[in-house]
Amino acid sequence: MPELPEVEVVRSGLARHLVGHQISEVDVLHPRAIRKHVAGAKDFQARLAGLTIEAIRRRGKYLWFELDDNQALIGHLGMSGQFLLLPLSAEEEKHLRIRFEFADWPMQLRFVDQRTFGGMSIDELEIDESTGEGVPSTVAHIARDPFDPKFELAPLVTKLRSRHTEIKRLLLDQSVVSGIGNIYADESLWRAGIHPTRLGSSLTKVQLELLMNSAKEVMADALAAGGTSFDDLYVNVNGESGYFERSLAVYGRRGEPCSRCGKPIVRAAFMNRSSHYCPACQRPPRAR
DNA sequence: CATACCGCCTGTTAGC
DNA sequence: TGCTAACAGGCGGTAT
């Protein structure tokens with residue numbers, strides 16, 4: 001599942017190849033892929049033709065292509081989205097949703113998404129007067145992620161301590177801190193020795209600082225592993241970096257011994273999904 | 001406002 | 001063997 005490290009691998013790979021190219025033609029093959037673009041597929045296609053990709057940016061799990069005239073093409077991979085750069089002759093994927101061609105480059109950018117939780121839309125870039133920084137309005141409600149140069153730890157810790165809800169919910173809430181999904185939430189909590197159902201308000205400043213530093217650390221490790229794993233002209237992220245298989249401490253490891261203390265890892269239902277944790281290293285809160 | 005929960009999707013796997 | 005149910009889970013909308 002693409003979380004911040006996987007999206008960043010995609011962003012940097014796309015940026016390396018796509019910046020400077022002019023979009024000539026767009027085909028939407030599945031309407032659900034542009035459901036957030038209310039004006040529909042025809043409008044989506046018409047508005048992009050002729051625009052040049054000037055930069056590719058990311059906040060949390062959202063990425064966007066900066067185009068001429070402060071237009072932005074926003075993309076979210078959802079659960080199963082992929083961006084592929086392929087020769088025009090490459091066979092069509094079963095779950096191909098959107099196809100882009102370029103005026104000056106004989107390659108296709110393809111958005112492929114089996115489960116259609118991902119999608120793309122077009123938005124005006126909103127420029128902040130003081131910083132000169134632009135963010136599409138679709139992304140305005142997303143908090144800065146731990147890799148953002150303007151990310152600030154202290155106000156985040158204060159916010160977490162003010163919330164009477166479970167810490168894992170807060171980690172997954174993209175309006176609090178962005179980029180973290182179920183996998184890296186579980187890994188961060190294990191590294192920091194914090195049980196996922198502890199309330200934000202029950203944790204100390206030091207514990208929360210350790211937690212956020214752990215989150216950044218685990219995602220940096222994943223990024224380092226994933227960033228080396230794709231070749232020049234084929235960008236493919238399905239949440240599967242080499243790191244994914246080798247280095248996870250708790251996620252997907254129910255029953256296996258904790259690498260710190262040897263106790264079996266537990267899997268528990270949480271928010272219609274699951275949490276993995278060590279029952280000894282991550283002590284549960286007292287019953288409320 | 002803060003918090004909780006559901007529906008959207010499809011391919012794979014576990015279990016009977 | 002063949003079927004069904006569970007599971008994967010980010011996110012936006014809605015209910016409390």
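Each chain gets a letter, A, B and so on, in the order its sequence line appears, and its residues count up from 1.
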Answer with base, sugar-phosphate or nothing: what part of the nucleic acid does A:Y62 contact at a heavy-atom distance below 4.0 Å? sugar-phosphate
Regarding A:H141, tell me which of base, sugar-phosphate or nothing describes its non-hydrogen contacts under 4.0 Å with the strands shown. sugar-phosphate
Atom [atom1] of [X] to atom [atom2] of [N]: distance rounded to whole Å?
| X | N | atom1 | atom2 | value |
| --- | --- | --- | --- | --- |
| A:E93 | B:dG11 | CD | P | 15 Å |
| A:L77 | C:dA8 | CG | C1' | 16 Å |
| A:L170 | B:dA4 | CG | C1' | 13 Å |
| A:R59 | C:dC11 | CZ | P | 14 Å |
| A:F270 | B:dT3 | CZ | C1' | 12 Å |
| A:Q174 | C:dG10 | CD | P | 8 Å |

From [options], pick the nucleotide closest to the side chain of [X]?
| X | options | result |
| --- | --- | --- |
| A:K94 | C:dG10, B:dG11, B:dA2 | B:dG11 |
| A:K36 | B:dT3, C:dA8, C:dG12 | C:dG12 |
| A:T165 | B:dA4, B:dT10, C:dG10 | B:dA4 |

Detail all sub-3.5 Å separations between protein N/O atoms and N/O atoms belonging to nucleotides 5-9 of chain B.
{"unit_1": "B:dC8", "atom_1": "O3'", "unit_2": "A:R32", "atom_2": "NH1", "d": "3.1"}
{"unit_1": "B:dC9", "atom_1": "OP1", "unit_2": "A:R32", "atom_2": "NE", "d": "3.4"}
{"unit_1": "B:dC9", "atom_1": "OP1", "unit_2": "A:R32", "atom_2": "NH1", "d": "2.8"}
{"unit_1": "B:dC9", "atom_1": "O5'", "unit_2": "A:R32", "atom_2": "NE", "d": "3.2"}

Is there a side-chain hydrogen bond (donor to acceptor under 3.5 Å, both in side chains) between A:S178 and A:K61? Walk through the geometry before answering. CA-CA 7 Å; A:S178 70; A:K61 305 172 200 171; over 6 Å; no
Report all side-chain donor-acceptor pairs from residues 69-77 of chain A shorter than 3.5 Å, counting only partners two or more places apart or in another chain.
{"unit_1": "A:Q71", "atom_1": "OE1", "unit_2": "A:R47", "atom_2": "NH2", "d": "3.2"}
{"unit_1": "A:Q71", "atom_1": "NE2", "unit_2": "A:E124", "atom_2": "OE1", "d": "2.9"}
{"unit_1": "A:H76", "atom_1": "ND1", "unit_2": "A:G78", "atom_2": "N", "d": "2.8"}

Under the criterion salt bridge (charged side-chain N to carboxylate O under 4.0 Å, His left out), I'd like the reasoning laid out for A:R198 against A:E166: C-alpha separation, chi angles, the key distance, then a yes or no. CA-CA 5 Å; A:R198 291 286 303 273; A:E166 294 157 339; over 6 Å; no
Using a 4.5 Å side-chain heavy-atom cut-off and chaining through intermediate ILVMFWY residues, the residues clustered with A:V206 come out as none
Do you see a donor-acceptor pair shorter than 3.5 Å between the side chains of A:H95 and A:D113? no
Lys/Arg-Asp/Glu bridge criterion (N-O < 4.0 Å) met for A:R99, A:E92: yes
Ignoring hydrogens, what is the shortest heavy-atom contact between A:D186 and A:K168? Give both atom names and the distance. OD1-NZ, 2.7 Å
Just to confirm, is there a sub-4.0 Å distance from OP1 or OP2 of B:dA14 to any side-chain nitrogen or oxygen of A:R254? no
